[in-house]
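Since the structure is predicted, the reported quantities are computational estimates derived from the model, not experimental observations. Sequence lines set the chain letters: A, B, ... in the order given, protein chains first and strands last, and positions in each chain run from 1.
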Amino acid sequence: MADIDQAQNLARVYDPAVVEGEIYQRWLAADVFAPDGAGSRALPGAEPFVIIQPPPNVTGALHLGHAFTADIEDVMVRHARMHRRPTLWLPGLDHASIAAQVVLDRILDREGESRASLGRERYLERMWAFVNETRDTILRQSRRFGSSLDWGRLRFTMDEASARAVRTAFTRLYRDDLAYRTEALANWCVGCQTTVSDLEVVPTPEKGTLWTIRYHLLAADGRVDPERSIEIATTRPETLLGDVAVAVHPDDPRFAGLLGEHVLVPFVERVVPIITDPVVRPEFGTGAVKITPAHDGDDYATGRRHGLAMINVFDDLGRINENGDGFAGLDLAEARRRILAELDARGDLVAAVPHEMLIGRCQRSNDVIEPRLKTQWFIRTKPLAAKALAATRSGRTRIVPGHFEKVWEHWLTEIRDWNVSRQLWWGHRIPAWYCPDGHITVTDEPAGPAACQACGRAAAELRQDEDIFDTWFSSGLWPFSTLGWPDPTDDLARYYPGSVLETGSDIIFFWVARMMMLGIQLMAEPPFHTIYLHGMVNDPVGRKMSKTTGNVVDPLELIEGTGGDALRFTLINGTSPGNNQKFSQEKIDSARNFANKLWNAARFVLGARPATIPADRPREAPDAAQLGPAERWIRSRTAATAAVVDRAFSEHAYGEATRLLYDAVWSELCDWGLELAKVRLTDSALPSAVREATWWTLVEALDVDLRLLHPFLPFVTEAIWTAMPRGPEDPDLLIVADWPGPEVAARQDPAAEVEVDLLIELVRGIRNARSEAHLEPAAWLPVDLLAEPAIAGAVEALRPAIERLARARPLTVHRSPQSFESATESGGLTVIGPGVQAVVGRPANADEATGSATVALDRERLERELQVAQGLLEAARTRLANEAFTSRAPAAVVDGARARAEGLADQVQRLEERLRA
RNA sequence: GGGCGGUUAGCUCAGUUGGUCAGAGCGCCUCGUUUACACCGAGGAAGUCACUGGUUCGAGUCCAGUACCGCCCACCA
C-alpha cells in the first residue's frame with residue numbers, strides 16, 4: 001500500500017473507556033438534547049416526537065431494567081432526532097411514596113430510629129436528605145447510559161409544580177363527582193400502617209387450616225337450642241368476633257329447614273340470622289359460611305346485598321379491638337389460638353384439616369394484608385375507564401405488542417374504584433378539609449380554604465385530611481403536569497399529547513391505565529398515541545433479578561467493563577416488544593466485539609485514503625463512471641440495509657434492526673465490501689480516479705451504517721464520525737446528522753448484486769474445495785474458470801478480486817468449454833457454481849501421493865454434492881409433476897420452482913460429467 | 001377458575017402477509033501470525049421447528065386439542 005496515506009485517525013485499539021469518555025460532554029456542550037437547544041437541527045415545521053418515560057423511583061441506584069428502559073427510549077429519541085423532528089424526552093424522578101418509606105424505615109431501623117421516634121416533620125426532613133443523595137446517583141447513571149434527556153426540564157413528582165397539578169386534578173375530579181370519600185373495605189397493611197390498592201396485594205400461596213366450627217341455633221324462646229346447630233367452615237376463626245350472619249346456598253336442600261332461623265355467635269353472644277346467597281358454594285367445607293363483612297371481600301359484598309351490620313374487630317396495629325370483648329388487645333395470631341382453644345373446650349371445634357389457600361400479602365413489606373373498613377378517598381373509575389377503552393378501541397392509542405390489548409380490555413372493564421388515600425407521610429397531602437360539622441371542602445388553594453364551603457366556618461376550625469395520595473396519583477398526571485399544567489403553556493400546546501409511552505409491562509395498570517384515564521379526563525385527549533411495552537431483564541437462567549436472590553447486575557459495572565455501547569446493544573439485540581430476556585456476559589462480550597469490529601473497519605477505511613485525496617477534503621460522492629461491480633454491490637447492499645432498518649423501526653422491531661445491522665456491517669461491509677475494495681485500492685496500476693471512487697464508496701457505505709447504528713451504538717459511532725470526511729450539509733456531531741433518506745434507497749442495483757453474489761459463491765466454493773482437500777490456505781494455486789456467456793463480462797471485471805480472494809494464480813478464464821476441458825484434463829479440484837465452474841490445480845510442489853489423495857478427496861466431495869443435488873432435484877420434479885400444484889399455486893411460485901429444477905438438473909449433469917471424467 | 005405468552009441447532013434467540021424458512025450469535029471441530037480487526041480470518045459438524053389431529057397443491061408459519069414452562073387477572077370461606 002505504498003501510495004495509501006497511512007495516517008491513523010483513530011486509536012489503534014478500541015477502548016470503550018477512552019472512546020466513550022468525552023462524548024457525552026460534547027453532546028451536552030453542543031446543547032443538542034433539547035428540542036429547542038442551540039445545537040438542535042430540528043426543522044421548524046416537523047411534528048414533535050415526545051417520548052414519555054417512567055420516572056425512576058428515588059429509592060436507590062438504577063438497575064439493569066432501568067438501563068433497558070432508557071436504552072429503548074434513547075433509541076427512539078435519537079432516531080426521531082435524526083429525522084430532524086423536535087424531540088422531547090423529559091427526565092424525571094418519582095417520589096415513590098410507600099416504596100421510599102419502606103426503604104427509609106429500614107435505614108432508620110439500622111440507626112436505631114423509627115418513624116414514630118422522629119415524628120412527621122423530622123421524618124420528612126430525613127426523607128429529603130435521602131432522596132437528594134439517591135437523586136444524584138440516578139442522574140449520574142443516566143448520563144453514563146448515554147441517555148439524551150433534556151436535562152433542563154428535570155422534574156420530580158414531589159416538586160411544587162407537581163404538587164399544584166395534584167391539587168388541581170383532585171379538585172376537578174371532586175367537582176365532577178369523580179372523587180368521593182366513604183367508608184369501605186380497604187386493604188390494610190399492618191407493617192406499613194396504611195391501606196394499599198388492590199394492585200399492591202399479592203396473592204401468596206400458603207398452607208393454612210380449614211376449621212369446622214359449630215354454631216348453635218336459637219329456639220323459639222330465644223335460648224340456645226341444645227339439639228340443633230349448624231357447622232360452618234373457616235380459615236380465619238378469629239374473625240368470628242365480627243360475624244353478622246351465616247350464609248348457605250338458596251338451593252342447598254341440607255339447610256332448607258333452617259332458613260329464617262338464627263344462631264348465636266360464640267363469645268360475643270350475638271344473635272345472627274341464617275341467610276341464603278348464591279355466592280356460597282355448597283360443595284365447599286360444610287356448605288355453610290360465616291359472614292364477616294368488615295374483614296373479607298366476599299363477605300363485604302354479601303353484607304352490602306343483605307344490608308347487614310359491619311363490625312370492625314381489628315385495630316390499626318393488628319390487635320382485636322373493643323368489639324372483641326374478652327379478646328380485646330390480643331394480636332390476631334394470639335386471638336386465633338385462644339378462640340380455637342375455647343371452642344375446643346366447649347366441644348364446638350368439629351374439625352381442622354390442612355388447607356392450601358391464597359393469602360394477600362403487601363407488595364412492599366410482605367406483611368399479611370388485613371381487609372378492614374376504613375374511610376378513604378376513592379376515584380370513580382368506571383367513567384374514566386370507559387374513555388380509556390374507547391381510545392384504544394378506536395385506535396387513537398395503540399398498544400405494542402398488540403396482545404396486551406386483551407389484558408388492558410379485561411382490567412379496565414372489570415375495574416373497581418381506586419382507593420387513593422394512604423396513611424403515610426411521604427407524599428402529597430390530600431387537599432380536603434373537614435369542619436366540625438362534617439362538611440368537606442376540597443380546594444386547590446395551597447394554603448387551604450378560607451372557610452368551610454358548606455357552612456362558612458372559619459379556616460381555623462377546619463382540619464386538613466392527614467392522609468396523602470397513592471404515589472401513582474401524581475405519576476398519573478406526569479404527561480401534562482410536567483408541561484406546566486394547569487396553566488395553558490406553550491409547552492402543553494406543543495408537546496401534549498405525547499407520541500410514545502415506553503415502559504415495562506409490569507406497570508400497565510399501576511401507571512399506564514391511570515395516565516390514560518386521568519389524561520383523557522383532565523386534558524380531553526389521550527396522553528400518547530402509542531404504548532410500547534418492554535419485557536423484563538432476567539438473569540442468565542431466566543430468574544427475576546432481585547437483591548434477595550443475589551443475582552442483580554450493576555449496569556455501571558458492566559459499562560466499566562465492556563462499555564456503554566456494548567451494554568446498550570446487548571439489551572436491544574435479539575429482543576422483541578413485550579418479551580422477557582435472559583441477560584448474560586456472553587451476550588455483552590459479543591456486542592463489545594461488534595463495536596470493536598466497527599471500530600477497526602472504520603480505522604481501515606480512514607487509513608486507506610488514496611494519497612491523491614487530501615486529508616481535509618470534504619466528503620464527496622463516488623464518481624459513478626468509475627464504479628465497478630464491487631462498488632455498485634456494496635452501495636446496493638447498504639441501500640437495502642437502510643430500507644430494511646427503516647421497516648424495522650416502523651414496526652418497533654428494534655431487536656430486528658440490530659440484527660440486520662450486525663449482519664450488514666460484519667458479513668457484508670467487512671467480509672466482502674472491504675476485502676473487495678482492497679483489490680482496487682492496492683493496485684497502483686489503476687488510475688487514481690478509480691481508486692478514489694472506490695474509497696469514496698467505502699466512506700459512503702460506512703457513513704450510512706454509522707447513521708443507522710447511531711441510535712444503538714451512540715458512543716462509538718459518534719467517535720468514528722469525528723474522523724470521517726463530512727459533506728457541507730453534515731453537522732459536526734452525528735447525533736444531529738440526517739438519517740439516510742431516499743437518495744440512499746436510489747443506490748439499489750440488482751444487476752450488481754447478482755454479479756457479486758456469484759463471485760462470492762465462486763470464491764466460497766474454491767475456498768471450500770481447498771479446505772476439504774487440506775491444501776495450504778495461503779498457497780497460490782492455478783485456477784481455470786469457465787463462465788456462461790451471460791456473466792462472462794462480470795467475471796472478467798471481477799477477475800482481480802477472484803484472484804486475490806480465492807488465492808488463484810494464475811487465473812485462466814476460458815471462453816469455450818473445449819479450451820476449459822482440455823486445460824483441466826490433468827485433474828484438480830472441481831467447483832461447480834451457478835453459471836460458472838472452476839478447477840483448482842494442484843500445488844506445484846505436491847508429490848505423487850499427496851496428489852492422488854487430493855484427487856480422492858475431491859471425488860468424495862463431488863459425490864456428496866451430487867447426492868444432495870439429486871435429492872433436491874427429485875423433490876423439485878415430484879412437486880412439478882403434481883398437477884394440483886401447477887394448476888393451483890401462483891404462477892410466480894411455479895415458475896420459480898421450474899427455474900430451480902432446471903438449475904439443479906444442470907448442476908447434476910455437470911457433476912456427473914465431472915465424475916465420469 | 002379464567003386469560004396471555006413461550007416451547008426452533010449444546011446454549012440464547014430471529015423467523016413479517018403459509019411457497020429456497022430451516023437461520024443468526026455464542027459454544028464446538030479443522031485450519032490460519034495474507035499489511036482494519038486473534039475482541040480476528042477461512043472452512044465444517046449440528047435441528048422430525050414440543051406432541052396429536054385438521055385445513056391446503058403446499059404449514060415453524062393457519063385452526064383445534066394435549067403436555068410442560070413463565071406471567072397476568074380472579075370474591076372460593
Side-chain angles (χ1 to χ4, degrees), chain A residues 1 4 6 8 10 12-14 203 210 232-236 239 247 279-281 283-286 288-292 296-302 355 357-358 401 403-404 406-407 410-411 414 505-506 508-509 535-536 538 540 542 562 566 573-576 578-584 586-587 589-608 647-648 651 653 655-656 659 662-663 666-667 670-671 674-675 678 682 764 767-772 774-778 804 807 872 876 879 882-890 892-894 896-897 900:
Chain A
M1 284 202 197
I4 285 182
Q6 284 286 354
Q8 294 293 307
L10 297 171
R12 184 164 184 79
V13 176
Y14 167 69
L210 184 67
I232 56 93
T234 183
T235 56
R236 305 193 59 199
T239 63
V279 80
V280 181
R281 297 191 333 154
E283 68 278 15
F284 186 90
T286 60
V289 60
K290 61 193 228 34
I291 301 295
T292 321
D296 181 274
D298 273 349
D299 292 4
Y300 179 74
T302 308
H355 183 59
M357 54 199 257
L358 292 175
H403 64 79
F404 275 103
K406 286 202 176 174
V407 294
H410 182 255
W411 192 76
E414 304 290 317
S505 50
D506 54 331
I508 184 168
F509 307 134
M536 307 272 110
N538 292 329
T562 37
N573 191 30
T575 64
S576 48
N579 286 338
N580 295 349
Q581 62 174 305
K582 298 185 180 80
F583 186 87
S584 66
E586 289 70 40
K587 289 183 183 178
D589 285 343
S590 162
R592 189 267 322 269
N593 293 351
F594 179 57
N596 178 63
K597 186 76 178 178
L598 182 67
W599 180 261
N600 281 298
R603 221 158 54 78
F604 168 76
V605 171
L606 292 166
R647 198 170 82 178
E651 292 167 356
E656 169 78 354
R659 216 200 76 237
Y662 185 100
D663 200 48
W666 207 307
S667 308
C670 292
D671 287 353
L674 299 188
E675 294 307 318
K678 282 176 188 172
T682 56
R764 283 207 173 120
R767 284 173 175 171
N768 181 329
R770 291 169 58 129
S771 167
E772 293 209 7
H774 301 300
L775 295 181
E776 243 181 281
R804 181 184 172 114
R807 294 192 83 73
L872 290 171
R879 197 171 172 214
N882 184 351
E883 156 67 20
F885 172 68
T886 48
S887 65
R888 307 181 76 153
V893 173
V894 178
R900 184 153 183 240

Side chain A:N600, main chain A:N596, donor-acceptor under 3.5 Å: yes
Sugar-phosphate, base or nothing in reach of A:L358, heavy atoms under 4.0 Å: base
A:R807 side chain vs A:R767 backbone, donor-acceptor pair below 3.5 Å: no
Atom-to-atom span, NZ of A:K678 to C1' of B:rU35 - whole angstrom: 8 Å
Pairwise P distance for B:rU16 and B:rU52, with rounding to whole Å: 23 Å
Would you tabulate the nitrogen or oxygen pairs shorter than 3.5 Å linking the protein to nucleotides 55-59 of chain B?
{"residue": "B:rC57", "atom": "OP1", "partner": "A:R888", "partner atom": "NE", "Å": "2.7"}
{"residue": "B:rC57", "atom": "OP1", "partner": "A:R888", "partner atom": "NH1", "Å": "2.2"}
{"residue": "B:rC57", "atom": "OP1", "partner": "A:R888", "partner atom": "NH2", "Å": "2.6"}
{"residue": "B:rC57", "atom": "O2'", "partner": "A:N882", "partner atom": "ND2", "Å": "3.1"}

Whole-Å distance separating the CD atom of A:E656 from the C1' atom of B:rC21: 13 Å
Pairwise distance CG(A:N573) to CD(A:Q581) - rounded to 0.5 angstrom: 9.5 Å
Touch class at under 4.0 angstrom, heavy-atom based, for A:S576 against every strand present: sugar-phosphate
Whole-Å P distance, B:rA38 and B:rC21: 34 Å
Between C1' of B:rU17 and CD of A:E651, the distance in whole Å: 11 Å
Interatomic distance, A:D671 atom CG to A:W666 atom CH2 [nearest 0.5 angstrom]: 8.5 Å
Donor-acceptor pair between A:D589 and A:N593 side chains, under 3.5 angstrom: no
A:R804 and A:T682: CA distance, side-chain angles, deciding distance, side-chain contact (heavy atoms from CB on, under 4.5 Å) verdict: CA-CA 11 Å; A:R804 181 184 172 114; A:T682 56; 3.4 Å; yes
Atom pair CZ (A:R900) and CG (A:L872), whose distance is rounded to the nearest 0.5 Å: 5.5 Å
Inter-nucleotide P distance (B:rC71, B:rG54), Å rounded: 35 Å
Rounded distance (Å) that lies between atom C1' of B:rC40 and atom CZ of A:R12: 13 Å
Gap in Å between the two C1' atoms, one belonging to B:rA74 and one to B:rG3, rounded: 10 Å
Sugar-phosphate only, base, or nothing, as touched by A:K290 at under 4.0 Å among non-hydrogen atoms: nothing
Touch class at under 4.0 angstrom, heavy-atom based, for A:E675 against every strand present: base
Side-chain donor or acceptor of A:N580 paired with backbone N/O of A:M536 under 3.5 Å: yes
Any donor-acceptor N or O pair under 3.5 Å, side chains A:D663, A:S667: yes
Gap between atoms CZ and C1', on A:R592 and B:rA38 respectively (whole Å): 12 Å
Do any N or O atoms of the protein come closer than 3.5 Å to N or O atoms of nucleotides 1-9 of chain B, and which pairs are they?
{"residue": "B:rC4", "atom": "OP1", "partner": "A:K406", "partner atom": "NZ", "Å": "3.2"}
{"residue": "B:rC4", "atom": "O2'", "partner": "A:H403", "partner atom": "ND1", "Å": "3.3"}

Interatomic spacing from CZ in A:R764 to OG in A:S771 - rounded to 0.5 Å: 13.5 Å
Torsion-based syn/anti label for B:rG47, 90° from 0 as limit: anti
Contacts of type side chain to side chain contact (heavy atoms under 4.5 Å, CB included), residue A:E675, not counting sequence neighbours: A:K678, A:L805
Same-atom distance (C1') from B:rG58 to B:rA45, integer angstrom: 30 Å
Sugar-phosphate, base or nothing in reach of A:V280, heavy atoms under 4.0 Å: base
Distance, rounded to the nearest Å, where A:R764 contributes CZ and B:rG43 contributes P: 6 Å
Touch class at under 4.0 angstrom, heavy-atom based, for A:M357 against every strand present: sugar-phosphate
Test ring pair (Phe, Tyr, Trp, His ring centres under 6.0 Å) applied to A:F284 and A:H355, step by step: CA-CA 12 Å; A:F284 186 90; A:H355 183 59; 5.7 Å; yes
Residue-phosphate contact under 4.0 Å: A:K582 side-chain N/O, B:rC13 OP1/OP2: yes
Separation of atom CG in A:D589 from atom C1' in B:rA38, rounded to whole Å: 15 Å
A:K587 side-chain N/O to B:rC13 phosphate OP1/OP2 under 4.0 Å: no
Base versus backbone protein contacts along nucleotides 22-33 of chain B [heavy-atom cut-off under 4.0 Å; B, S, -]: ---S-----S--
Residues that A:N882 engages under side chain to side chain contact (heavy atoms under 4.5 Å, CB included), provided they are two or more places apart: A:A884, A:F885
A:R236 side, atom CZ; A:T292 side, atom OG1 - distance, nearest 0.5 Å: 8.5 Å
Distance between C1' atoms of B:rC40 and B:rC26 (Å, rounded): 16 Å
Base-pair map of RNA chain B as dot-bracket, where | denotes pairing with a different strand and pairs are Watson-Crick or G-U under 3.5 Å: (((((((..((((.....[...)))).(((((.......))))).....(((((..]....))))))))))))....
Interatomic distance, A:N538 CG vs B:rC71 P [rounded to whole Å]: 9 Å
Closest to the A:A233 side chain, choosing from B:rA36, B:rA42, B:rA77: B:rA77
Distance, P atom - from B:rA46 to B:rG65, rounded to whole angstrom: 38 Å
Sugar-phosphate only, base, or nothing, as touched by A:A601 at under 4.0 Å among non-hydrogen atoms: base
Closest to side chain of A:F604, choosing from B:rU20, B:rA36, B:rG44: B:rA36
Side-chain N,O (A:N768) to OP1/OP2 (B:rG44) below 4.0 Å: yes
Interatomic spacing from OG1 in A:T575 to NZ in A:K582 - rounded to 0.5 Å: 13.5 Å
